Amino acid sequence: MSDAQKMVKVYVMGEAYMVPEGSTIIGAFEYAGFQLKRGVGCREGFCGACATVYREKGDYKMKGGLGCQTVVTDEMYIAQIPFVPADKPTYKMEEITPDAGTFMNLYPSVFRCVSCNTCTKACPQDIQVMDYIQAIIRGDIAEAASLSFDCIRCGLCALRCPAEIVQFNAAILAQRLYGKYIAPQSKELEARVNEIIEGKYEKELNDLVGMAKQELIDKYYSREIKIS
Amino acid sequence: MPKKIKLTDKGAEFLKQIEKLSGETITMCDQCGTCSGGCPFVEEMDITPSQIMRKTMLGQMDVLDSKTMWICASCFTCTVRCPRILDVSKVSEALRQTKLRQAIDNIDIKDISKEDAEELPSIAVVSAFRKFTS
Amino acid sequence: MKDNIKIPYFPGCTLKTTAKNFEISAIEAGKKIGIEMVEMPKWNCCGVVSSLTSDDLMKHVAPVRNFVHAEEMSEKGTVNDSRMLILCSMCFNTMKNTNRRVKNNAEDMKSINDFMYLEKDYEGKVEVVHYFELLKEIGFDKIAEKVTKSLKDMKIAPYYGCMLLRPKEIGIDNAEAPAIIEDFITSVGAEPVNWDAKGRCCGSYHTVNNKDIVVNLAKGIIENAHRSGADAIITSCPLCAFNLDNRQKLIMEKDPNFKTMPVFYFTQLLALALGLEEKFIGLEDHYIDPKELLKNKNLI
């Protein structure tokens with residue numbers, strides 16, 4: 001490479017640092033010498049641990065994103081959100097029902113939504129957050145579960161919400177309710193679970209447990225691989 | 001000789017703030033009492049809607065400690081009857097907002113029991129939170 | 001005048017939860033009288049309850065976003081009427097209030113449009129219309145012609161509550177002497193009673209944390225209806241319906257001599273009079289069972 005790596009200026013917690021162009025926000029933090037213990041996770045955009053807020057030069061908008069996926073731009077102001085405090089009630093799935101009343105009881109803040117849509121604007125996963133909160137209010141749990149499916153619980157929605165709703169935790173509840181009470185049940189799964197409970201695979205499993213290591217290795221490599 | 005009522009500085013500022021928030025010229029109130037007479041909630045209130053108007057007009061900030069503004073449910077009965085075309089429900093709202101904007105809620109949203117949650121219509125809860133929480 | 005009104009329909013949260021019978025009866029009755037209700041593909045809370053302060057613009061965002069979606073429906077041509085049809089009195093009041101505010105105040109309109117930068121701008125082309133107003137437009141005489149099962153012998157108390165009448169700029173009829181629901185009742189063959197509590201507040205959202213207020217007000221309203229000789233009360237508000245119907249349970253606990261009364265959504269009676277099947281009327285969803293009354297009147 002003939003040219004030196006091009007550098008851009010970013011402000012980390014208000015202080016200027018030069019970092020290589022093309023760095024992610026997490027990369028910029030670490031290049032600048034910060035050691036991140038919280039607010040960083042898989043670095044692949046899946047785990048949702050690295051919620052970040054930033055402003056770009058000349059833009060009035062406060063933006064949100066994942067630190068591991070957002071590339072820095074020149075004169076960007078960045079901050080890392082280590083953790084979003086969130087209300088998280090406990091409940092027994094057997095004792096609740098898939099309707100708006102369950103949320104009135106467990107997540108009443110949902111009913112404070114003013115439909116401002118700030119959550120949707122903040123979501124790095126492009127989820128229609130406000131729409132799923134509205135679906136909860138009108139008792140449409142299936143819609144809420146479906147709209148919130150891609151949520152990775154980074155917490156930016158809750159952080160920006162003027163009504164202090166904990167959208168991402170309410171979404172988990174909606175998804176659980178959907179799974180337990182609304183989604184079509186798989187007959188095959190049910191049959192298999194019954195077989196397991198009835199002990200159909202007990203002998204096979206015990207045989208495996210009793211095998212010597214080499215025997216187990218041989219069995220593994222000689223197994224039949226089904227591609228369907 | 002008529003005696004002129006002079007508001008304290010703080011009281012005058014309070015009146016100005018409520019007039020601005022409500023958009024109503026509260027000093028126009030004649031104290032005829034029509035609002036209180038027609039109010040379906042007046043029995044539940046500690047002071048009447050016309051007293052709310054009077055106290056606000058005089059800059060008496062203890063009006064904020066009364067139950068009345070929280071009992072008012074914006075049914076607009078007073079609004080359509082006021083001979084001075086004043087909107088008392090807007091004054092109530094301005095008083096509520098004055099408290100709410102100091103982050104003082106009038107309901108604990110966690111207070112909705114499981115039994116209530118099972119039967120309450122969504123619209124009741126949404127409305128109550130809009131009126132009672134900041 | 002169009003033969004068939006195809007209009008954007010805004011349901012609101014409660015018509016999807018505790019007031020499903022209100023929705024189904026309105027949709028099915030509408031089909032019989034030339035109203036095709038097209039539910040908006042995207043809608044959010046109406047913004048209830050209307051913010052009454054001069055500066056609280058954020059609370060008006062919700063209705064405006066709904067208007068944007070209604071405008072999109074007109075642009076796409078999925079409807080032939082550019083207005084927005086609302087059943088719930090509270091939604092109606094809230095949305096009409098905001099619509100008036102932004103249409104009369106260009107600055108507010110701009111602030112809200114700027115704030116909602118993900119959506120198209122609202123151009124102010126939507127009018128809010130209540131189901132009662134559409135019935136009046138079609139003509140109560142025309143409705144009467146379509147009635148196959150006259151509700152004669154039924155004495156009905158027309159309950160307007162607050163949100164259909166007040167404030168004056170929002171109300172669908174004279175705030176102190178309304179007649180539209182009376183006309184509706186006559187059109188389905190029943191007799192409207194003249195009573196004092198037609199516009200009295202039911203206690204509204206106090207039902208959440210101050211039930212006593214609602215119990216007292218609802219008791220007064222129902223007793224007034226009894227004194228005027230009514231068999232039942234009709235309403236177009238799912239919150240009034242809850243307070244007047246479901247809260248009779250608490251009224252009875254307080255006063256064992258209290259005489260109950262069924263409460264209907266007006267569209268249920270319309271559906272009944274138009275000869276619709278019972279599954280479209282939703283008589284199961286009441287707290288005070290109305291079936292005995294309807295059986296006594298030979299209506300079911």
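Fair warning: this is a prediction, and the values are worked out from it, not measured in the lab. Naming: A, B, ... by sequence-line order, numbering from 1 per chain.
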**Q** Flag yes if more than 12 heavy atoms outside E43(B) fall under 6.0 Å of its CD atom; otherwise flag no.
**A**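 No, because the 6.0 Å sphere around CD of E43(B) holds 12 heavy atoms or fewer from other groups.
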**Q** Please determine whether the number of non-hydrogen atoms from other residues, nucleotides or ligands lying under 6.0 Å from atom NZ of K16(B) exceeds 12.
**A**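 Atom NZ in K16(B) is not packed in, count stays at 12 or less.
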**Q** Are F41(B) and L217(C) close enough that some pair of their side-chain heavy atoms sits under 4.5 Å apart?
**A**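 They are in side-chain contact.
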**Q** Could you please spell out the steps behind the side-chain contact (heavy atoms from CB on, under 4.5 Å) verdict for C88(C) and I123(B)?
**A** CA-CA 10 Å; C88(C) 166; I123(B) 199 164; 3.8 Å; yes
**Q** Would you call C45(C) and V126(B) a side-chain contact if the rule is heavy atoms closer than 4.5 Å?
**A**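 Yes, their side chains come closer than 4.5 Å.
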**Q** Determine whether more than 12 heavy atoms belonging to other residues, nucleotides or ligands lie under 6.0 Å from atom CD of E176(C).
**A**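 It does: E176(C) CD has more than 12 such atoms within range.
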**Q** Could you tell me whether the side chain of R130(B) and the main chain of G47(C) form a donor-acceptor pair under 3.5 Å?
**A**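 Indeed, once roles are kept as given, a pair shorter than 3.5 Å links the two residues.
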**Q** Side chain, backbone, both or neither: which part of F132(B) has a non-hydrogen atom closer than 4.5 Å to chain C?
**A**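 The side chain, not the backbone.
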**Q** Has K249(C) got more than 12 heavy atoms of other residues, nucleotides or ligands less than 6.0 Å from its NZ?
**A**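 Check fails, neighbour count at 12 or below.
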**Q** May I ask you to check whether over 12 heavy atoms, not counting those of E107(C), lie within 6.0 Å of atom CD?
**A**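 Counting other residues, nucleotides and ligands, CD of E107(C) stays at 12 neighbours or fewer.
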**Q** With chain B as the partner chain, list the residues of residues 205-215 of chain C whose heavy atoms fall under 4.5 Å from it, by residue number, and write 'none' if nothing qualifies.
**A**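 Against chain B, the residues of residues 205-215 of chain C that fall inside the cut-off (heavy atoms, under 4.5 Å) are Y205(C), H206(C), T207(C), V208(C), N209(C), N210(C), K211(C), I213(C).
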**Q** Identify which of C201(C), P167(C), A241(C) forms the greatest number of heavy-atom pairs closer than 4.5 Å to chain B.
**A**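 Maximum pair count with chain B is reached by P167(C).
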**Q** Ignoring hydrogens and geometry, is there a side-chain-to-backbone donor-acceptor pair from K168(C) to V80(B) under 3.5 Å?
**A**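 Yes, the answer is positive, given that a donor and an acceptor are paired below the 3.5 Å cut-off.
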**Q** Indicate the atoms forming the closest heavy-atom contact of T17(C) with S122(B), along with that distance.
**A**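 For T17(C) versus S122(B), the nearest heavy atoms are OG1-OG, 3.7 Å.
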**Q** So which part of C72(B) gets closer than 4.5 Å to some heavy atom of chain C, the side chain, the backbone, both or neither?
**A**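 Contact with chain C is through the backbone of C72(B) alone.
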**Q** Looking at T79(B), is its backbone amide N or carbonyl O close enough to the side chain of R166(C) to form a donor-acceptor pair, meaning the two atoms are under 3.5 Å apart?
**A**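 Judged by distance alone, no pair lies under 3.5 Å.
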**Q** K131(B), K90(B), Q97(B): which one forms the most heavy-atom pairs within less than 4.5 Å of chain C?
**A**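 Top count of heavy-atom pairs under 4.5 Å with chain C: K131(B).
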**Q** In terms of side-chain geometry, is the basic nitrogen of E119(B) or R247(C) positioned less than 4.0 Å from the acidic oxygen of its partner?
**A**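 R247(C) and E119(B): salt-bridged.
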**Q** What part of S92(B) is in contact with chain C, defined as an atom under 4.5 angstrom from a non-hydrogen atom: side chain, backbone, both or neither?
**A**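 Neither; nothing under 4.5 Å.
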**Q** From C75(B) SG over to R200(C) CZ, what is the distance, rounded to the nearest 0.5 angstrom?
**A**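 Spacing of SG (C75(B)) from CZ (R200(C)) equals 11.0 Å.
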**Q** Considering only heavy atoms, which portion of D111(B) lies under 4.5 Å from any heavy atom of chain C: side chain, backbone, both, or neither?
**A**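 Contact with chain C involves no heavy atom of D111(B) at all.
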**Q** Decide if atom NZ of K20(C) counts as having more than 12 heavy atoms of other residues, nucleotides or ligands within a radius under 6.0 Å.
**A**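 Not buried by this count: 12 neighbours or fewer within 6.0 Å.
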**Q** Can you tell me which portion of S50(C) sits under 4.5 Å from chain B's heavy atoms? Options are side chain, backbone, both or neither.
**A**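 For S50(C), backbone heavy atoms alone lie under 4.5 Å from chain B.
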**Q** By a 4.5 Å heavy-atom criterion (distance strictly below it), what part of N243(C) contacts chain B: side chain, backbone, both, or neither?
**A**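 Interface part for N243(C): neither.
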**Q** Using a 4.5 Å heavy-atom cutoff, which residues in residues 52-62 of chain C come close to chain B?
**A**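 Residues in range: L52(C), T53(C), S54(C), D55(C), D56(C), K59(C).
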**Q** Any non-hydrogen side-chain atom of P121(B) less than 4.5 Å from a side-chain atom of P238(C)?
**A**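 The answer is no; the side chains never approach within 4.5 Å.
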**Q** Taking atom CG of N194(C) as the centre, report whether more than 12 heavy atoms of other residues, nucleotides or ligands fall under 6.0 Å from it.
**A**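 No, because the 6.0 Å sphere around CG of N194(C) holds 12 heavy atoms or fewer from other groups.
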**Q** What part of I112(B) is in contact with chain C, defined as an atom under 4.5 angstrom from a non-hydrogen atom: side chain, backbone, both or neither?
**A**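 Only the side chain of I112(B) comes within 4.5 Å of chain C.
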**Q** Under 6.0 Å from the CG atom of N104(C), do we count more than 12 heavy atoms belonging to anything else shown?
**A**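 Yes, CG of N104(C) has more than 12 neighbouring heavy atoms, counting only those of other groups under 6.0 Å.
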